[in-house]
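Just the heavy atoms: all of them, side chains too, but no hydrogens, waters or symmetry mates, feed the values below.
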Amino acid sequence: MSSNLNGDISEVKFLTVAEVASVMRVSKMTVYRLLHSGELPAVRVGRSFRVSESDVNEYLKGSFFQTG
């Protein structure tokens, strides 16, 4: 996880796949594809995934491109 390299995750806000999909305005399947391809880092909790809010923000910042 890029936000806390020292291992302290007490201040990290984790989002569910549904919450990530809502923030990114994409389907849950798109989020699952990003997770399984490794483009979006996540933590597995049982059978579900949790994604840190900062990793979502970093992914979105890195996805911008110029048009025109």
**Message:** I'd like to know if Leu15 and Val43 are part of one continuous hydrophobic network [Ile/Leu/Val/Met/Phe/Trp/Tyr, side-chain heavy atoms within less than 4.5 Å].
**Reply:**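 In one cluster: no.
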**Request:** Following the transitive rule for hydrophobic clusters with a side-chain heavy-atom cut-off under 4.5 Å over Ile, Leu, Val, Met, Phe, Trp and Tyr, establish whether Leu34 and Val23 coincide in one cluster.
**Result:** yes
**Prompt:** Which pairs with one or both residues in residues 32-60 pass ring-ring contact (aromatic ring centres under 6.0 Å, His included), sequence neighbours excluded?
**Reply:** His36-Phe49
Residues in side chain to side chain donor-acceptor pair (under 3.5 Å) contact with [X], at least two apart in sequence or another chain:
{"X": "Glu39", "result": "Ser37"}
{"X": "Ser27", "result": "Thr30"}
{"X": "Arg50", "result": "Ser48"}

Looking at [atom1] of [X] and [atom2] of [Y], how far apart are the two atoms once the value is rounded to the nearest 0.5 Å?
{"X": "Arg25", "Y": "Leu60", "atom1": "CZ", "atom2": "CG", "answer": "11.5 Å"}
{"X": "Arg33", "Y": "Leu35", "atom1": "CZ", "atom2": "CG", "answer": "11.5 Å"}
{"X": "Lys28", "Y": "Ser22", "atom1": "NZ", "atom2": "OG", "answer": "11.5 Å"}

**Item:** Minimal non-hydrogen separation, Pro41 against Val51, with atom names
**Value:** O-CG1, 3.5 Å
